[in-house]
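One structure is given here, and the rest of the page talks about it.
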Amino acid sequence: MRSILQTPPPHACPDRATRISALLAYSVAHFCVDLACAMLVMGLVVPALVGTDASDTEMVAFASLSILLYNLVAFAFQLPIGMLADHYDDNAMVSAWGCAVVILAYTLVPVSPMVAATVAGLGNAMFHIGGGIDVLNLSGTRRADMSGVFVSTGAMGLFLGLNWSDVGLSLPEVPLILLTASGMAIVAMRHLVRQNGTLIANEELRPEFSGMPLPVVLVLIGMSVTIVIRSYLGFSVAFPWKTGVALGTVNTLVIVLGKMLGGIIGDRLGWKRTAILSLPLASVLFLVSYDHMWAGLAAMLLFNMTMPLTLTTLADTFRHNKGAAFGITTVALFVGGRSTSIPFLSSPVGIALMCLVSFATIMVGFRGYDGVLTELMFDGDRWRRIGDGTNDKVTDKETTDRADAESPATDHVTDHVTDGMTDGTTDNLTDKMSEQGDGQDASEGGDGR
Amino acid sequence: MMESILLWYAEGLYCTILIECLVAILLGMRDAKYVARMALIQALTNPFVLSVVLTATSCGMVAESPAYWALVAALESSVVVCEAFLIRALIAEGELGRMRVSNPLALSLTLNLSSYLFGLLMGAVGTLLS
């Protein structure tokens, strides 16, 4: 008994300082990993395949295929990797291995650029899943601020990675040094957390995806469609004033800020209110965004604010399968990024309309989330409705969590809104390929995750 | 040019992983999970050393000069310390306790010395063959 009292329980929650340190480590590493991956694909893989002869259509096709493979693995593979990570339950190790796998990808470029791109995608996916689950675990339920900070830094890393030659970064030293530092920082963070007698652990794995009732389906569909739209718009928006690296950097900074503020403001104001204030206003601003830079920047800031909310909503709904929930957001990102571009939807009016559609879908998702919090319980085997007489098996933890959700401390349940983490700001590199040189659009979608 | 640099990285990284994991196994590390973690540690430290050396030479430092060797010595020392920390962080003390070298710092020094000597040996063999 004495030793039990003296030894902190393995699942003790890390203190505030540790949580902030971990968030800092993951956020900086996110910047580094996305920068390194973008530099590898655009600075090594594509030049190795295309060389100096851009008229060689066969090689250009190979380069495009490499980028597609990278995006496919980096985004779509996060779902299966997330499911595995939910089982493995050592997210820091998954994340550190992600950094190492990207390092290995660099050494594969001379052997096969296409394989190198695919392996880099795998490393990128591993890092995001490991870091993403840990940050979601650290932030707890119904909190979007930490996930917003984590996902925002990738946008800047991606932008700088795509414009690496313009900003004076040297290959391959800079990305390799950043990757090694990131991996070591994550390992150090994991060690320090455990040394404090705490653990950033996953919740017990349960089959939440089977037998889903309507509110859960609404969350899944509403948030997924919102992310698809955001991702699609991230590539469709082509502001005429956004020329040169300087303005591209400003635009990316605004996106980063929007993602960060989305989580922070959402937690204070309520998620639903944040969506109500941001998306319709963004829609109006998009109408004049092609003519006025300030309007475009403000629209991008507001448009990206719901991003951490969608992620956190999905992660909260499927709290016992956060890796899978994270993977769903990135699959949606991939779908949005790969969708065929429709000219009308690239116009200011089209973008504004899509923004309103995404507002409608996110509200559908929030409606479902309200239902999840107030009408449903997951008892370990399947979802059950509260008060239907079959809740006797509901665990104490679920009951506590639900009471927690209804307490004023976590703000009104009905105000919670989600928006996926990755949100429209995708890092898809495919489109970048066609506009290599101006290099700003990728940051638009930002990195998403 | 870039291809040869990346091949240089690949050669250094894979040889180091191979040698140091092999030596760790010979020293008594039997658990595959910990051997894999040793490989992770190598993958996280080796490119750092090579990148710093590459940056220094591209900035004008003459290879094989006293300053170059001082830099290499400083880097190798820092890697030994870093690896010792990583070994301690990633591998349970109990696992190290069953090895012939049970101190993380001593283990790190042993592993790095073995891979460095292997590198020297391979260099000498290469010189002889050419």
[X] side chain near [Y] side chain, heavy-atom distance below 4.5 Å:
X: B:Leu6; Y: A:Leu44; answer: yes
X: A:Thr107; Y: B:Pro47; answer: no
X: B:Leu86; Y: A:His191; answer: no

Does any heavy atom of chain A fall under 4.5 Å from the side chain of [X], the backbone, both, or neither of them?
X: B:Leu7; value: both
X: B:Leu13; value: side chain
X: B:Ser58; value: side chain

How close do [X] and [Y] get, heavy atom to heavy atom, and via which atoms?
X: B:Leu40; Y: A:Ala100; result: CD1-CB, 3.5 Å
X: A:Leu171; Y: B:Met2; result: O-CE, 3.4 Å
X: B:Ala89; Y: A:Arg190; result: O-NH1, 3.5 Å
X: A:Pro110; Y: B:Glu3; result: CB-CG, 3.5 Å
X: B:Tyr9; Y: A:Pro172; result: CE1-CG, 3.6 Å
X: B:Ala43; Y: A:Ile103; result: O-CD1, 3.3 Å

Discussion item. If you count heavy-atom pairs within less than 4.5 Å of chain A, which of B:Ser4, B:Ala10, B:Ser51 leads?
Written reply: B:Ser51
Discussion item. Is it true that, when you exclude A:Phe62 itself, more than 12 heavy atoms of the residues, nucleotides or ligands shown sit nearer than 6.0 Å to its CZ?
Written reply: no
Worksheet item: Checking heavy atoms, do the side chain of A:Ala96, its backbone, both or neither come under 4.5 Å from chain B?
Response: both
Worksheet item: Which answer fits A:Ala92, side chain, backbone, both or neither, if we ask what part of it has an atom under 4.5 Å from a heavy atom of chain B?
Response: neither
Discussion item. What's the separation between atom CG in B:Leu44 and atom CG in A:Leu176, rounded to the nearest 0.5 Å?
Written reply: 11.5 Å
Worksheet item: Looking at A:Leu179, A:Leu104, A:Val101, which one has more heavy-atom pairs under 4.5 Å with chain B than the rest?
Response: A:Leu104
